[in-house]
Amino acid sequence: MDRDKIVGEAKDYVRALFARNADGHDPEHTLRVYDLAMRLAAEEPGCDRFVTALAALLHDADDRKLFQTENNANARAFMASRGVDAETAERVLLAVNAVSFSRNRGRLPPTAEGRIVRDADRLDAMGAVGIARTFAFGGRAGRPLRSSVEHFHDKLLLLREELLTDAARRMGAERHEYMEEFLRTLEEETSGQY
Ligand code: ADP
Ligand code: NI
């Protein structure tokens, strides 16, 4: 099993899979989550970098909002086609299935790789990139600015407290402050309209 080659092929796979998703799930989101996960993994000695890499790259490959697959079918098919052994594949899927906000409700990821990929996905919803994604999502859904601003209070400003790894908590603190500054400036510029 040539691990570097499989990771490279997983990047190509997600570029093709998300090619037509111009909202918050373009291929760049997944590639950023991969980069963030590798940075977080560098500070988590207990984690397996290959499992982390594949879990980050495949974390939205069976997202229910985008695909009608059952039982992680896209991620499974990709790994089977590249000869990833069954035990490694199960560890990847354990991490992938620990990421979703709505599907886990209070449950913590059972593995280091799951904590890292969940943190990486949360970080990409914060800071400047999180602000950009939020208004892109709202615009695509035809929603007014006000509804995207509400999303900060409903979800994005709560993410800082949910980050699990030390490295993500450091990065998340900066991204949180940046979002708060953005909201303060928006309020000032619009005389409290938002
Ligand atoms: P992921 O599955 O990668 O965690 P989501 O599907 O939850 O991402 O959201 C994709 C992007 O769209 C995120 O940046 C998120 O903050 C934004 N988003 C999700 N719901 C809303 C909403 N109701 N209003 C504005 N932005 C939203
Ligand atoms: Ni994601």
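Read the numbers this way: they start at 1 and go in the same order the structure lists the ligands and their atoms. For the numbers below, each heavy atom of this structure counts, side chains included, while hydrogens, waters and symmetry mates do not.
Proximity of Leu156 to ligand 1, defined as any heavy-atom pair under 4.0 Å, is confined to the side chain (atoms from C-beta onward). Counting heavy atoms under 4.0 Å from ligand 1, residue Asp124 does not touch it at all. Proximity of Thr134 to ligand 1, defined as any heavy-atom pair under 4.0 Å, is shared by backbone and side chain alike.
Counting heavy atoms only, Arg133 comes closest to atom 11 (C) of ligand 1 of the residues Lys155, Arg133, Glu150.
Near Lys65, with a cut-off below 4.0 Å to any heavy atom, the atoms of ligand 1 are 2 (O), 6 (O). Below 4.0 Å from some heavy atom of His29 lie the following atoms of ligand 1, by number and element: 3 (O).
Between Glu70 and Arg76 no salt bridge is recorded (no basic side-chain N to carboxylate O distance below 4.0 Å). With salt bridges taken as basic N to acidic carboxylate O contacts below 4.0 Å, one links Lys5 and Glu9.
In terms of heavy-atom proximity, Arg122 sits nearest to Val99 at NH1-O, 3.1 Å. Nearest heavy atom pair, residue Leu93 against residue Ala75, reads CD2-CB, 3.8 Å.
Residues passing the salt bridge (Lys or Arg N to Asp or Glu O under 4.0 Å) test with Asp62, sequence neighbours excluded: none. In this view, Glu43 and Arg170 satisfy the salt bridge (Lys or Arg N to Asp or Glu O under 4.0 Å) rule, not counting sequence neighbours. Taking the salt bridge (Lys or Arg N to Asp or Glu O under 4.0 Å) definition, one finds that Asp12 meets it with Arg15, sequence neighbours left out.
Among protein atoms, those of element N, O or S found less than 2.8 Å away from the Ni ion (ligand 2) are His29 NE2, His59 NE2, Asp60 OD2, Asp121 OD1.
There is no path of hydrophobic side-chain contacts, each under 4.5 Å, that joins Tyr34 to Leu94. When hydrophobic clusters are built by joining Ile, Leu, Val, Met, Phe, Trp and Tyr residues whose side-chain heavy atoms come closer than 4.5 Å, directly or via intermediates, Leu123 is grouped together with Leu157.
Considering backbone and side-chain atoms alike, Ser148 places every N or O at 3.5 Å or more from each N or O of ligand 1. Considering backbone and side-chain atoms together, Ser147 places no N or O closer than 3.5 Å to any N or O of ligand 1. Considering backbone and side-chain atoms alike, His59 places every N or O at 3.5 Å or more from each N or O of ligand 1.
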Inset, instruction - Show your reasoning for whether ring-ring contact (aromatic ring centres under 6.0 Å, His included) applies to Phe18 and Phe67. - result: CA-CA 10 Å; Phe18 296 108; Phe67 308 105; 5.8 Å; yes
